[in-house]
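Beneath this line is the structure, given in structure tokens, with notes to follow.
The shown structure was predicted, so the numbers you read here are calculated from the model rather than taken from an experiment.
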Amino acid sequence: MASSKPLTGIELIDCAKANAPQGIATAAQLCGYGSDFHTFDRELKLACQNIGVQFQELSDLITDQQMMQSGMGIEVAPDTPSEL
């Protein structure tokens with residue numbers, strides 16, 4: 001559910017991080033910034049700077065765990081069941 005007003009601070013970071021895998025359009029919308037990507041990016045950078053987190057772009061907030069859950073990782077398994 002989209003926020004009725006633009007989020008700031010840690011709430012903005014949490015929302016952006018949770019929605020980062022879906023892209024900036026979705027993240028900005030759900031964080032209350034609609035299609036104002038410039039303001040969303042600026043406020044997110046400011047919020048991250050305030051807590052000491054390095055941030056250049058939205059994909060910086062995507063964790064390894066999120067990448068694995070969305071299938072962006074690799075699967076390591078034997079070729080056949082008999083090779084277990």
Side-chain angles (χ1 to χ4, degrees):
M1 184 171 161
S3 177
S4 59
K5 62 178 184 158
L7 299 175
T8 59
I10 194 72
E11 291 86 9
L12 173 57
I13 295 169
D14 288 343
C15 180
K17 182 177 178 182
N19 295 292
Q22 286 78 38
I24 191 167
T26 300
Q29 179 71 35
L30 294 175
C31 293
Y33 289 87
S35 60
D36 188 356
F37 306 136
H38 178 72
T39 303
F40 170 70
D41 186 59
R42 184 185 70 231
E43 291 298 318
L44 186 54
K45 284 180 180 176
L46 180 63
C48 287
Q49 182 182 17
N50 287 341
I51 66 166
V53 172
Q54 288 189 347
F55 172 82
Q56 296 298 320
E57 58 186 39
L58 188 61
S59 64
D60 293 342
L61 298 178
I62 300 174
T63 64
D64 292 339
Q65 184 178 17
Q66 285 174 309
M67 283 192 277
M68 294 300 286
Q69 288 174 344
S70 66
M72 297 169 82
I74 60 169
E75 182 178 331
V76 179
D79 292 332
T80 65
S82 63
E83 291 181 6
L84 293 175

Would you be so kind as to tabulate the donor-acceptor pairs closer than 3.5 Å made by side chains of residues 48-56, with sequence neighbours excluded?
unit_1 : atom_1 : unit_2 : atom_2 : d
Asn50  : ND2    : Leu46  : O      : 3.4

If I compare all heavy atoms of [X] with all of [Y], which pair ends up nearest, and what's the gap?
X     : Y     : answer
Ala27 : Leu58 : CB-CD2, 3.9 Å
Gly32 : Pro6  : O-CG, 3.4 Å
Cys31 : Cys15 : SG-SG, 2.7 Å
Asn19 : Leu30 : OD1-CD1, 3.2 Å

What side-chain donor-acceptor pairs closer than 3.5 Å can you find for residues 35-44, not counting sequence neighbours?
unit_1 : atom_1 : unit_2 : atom_2 : d
Asp36  : OD1    : Thr39  : N      : 3.2
Asp36  : OD1    : Thr39  : OG1    : 3.1
Asp36  : OD2    : Thr39  : OG1    : 2.6
Asp41  : OD2    : Lys45  : NZ     : 3.3

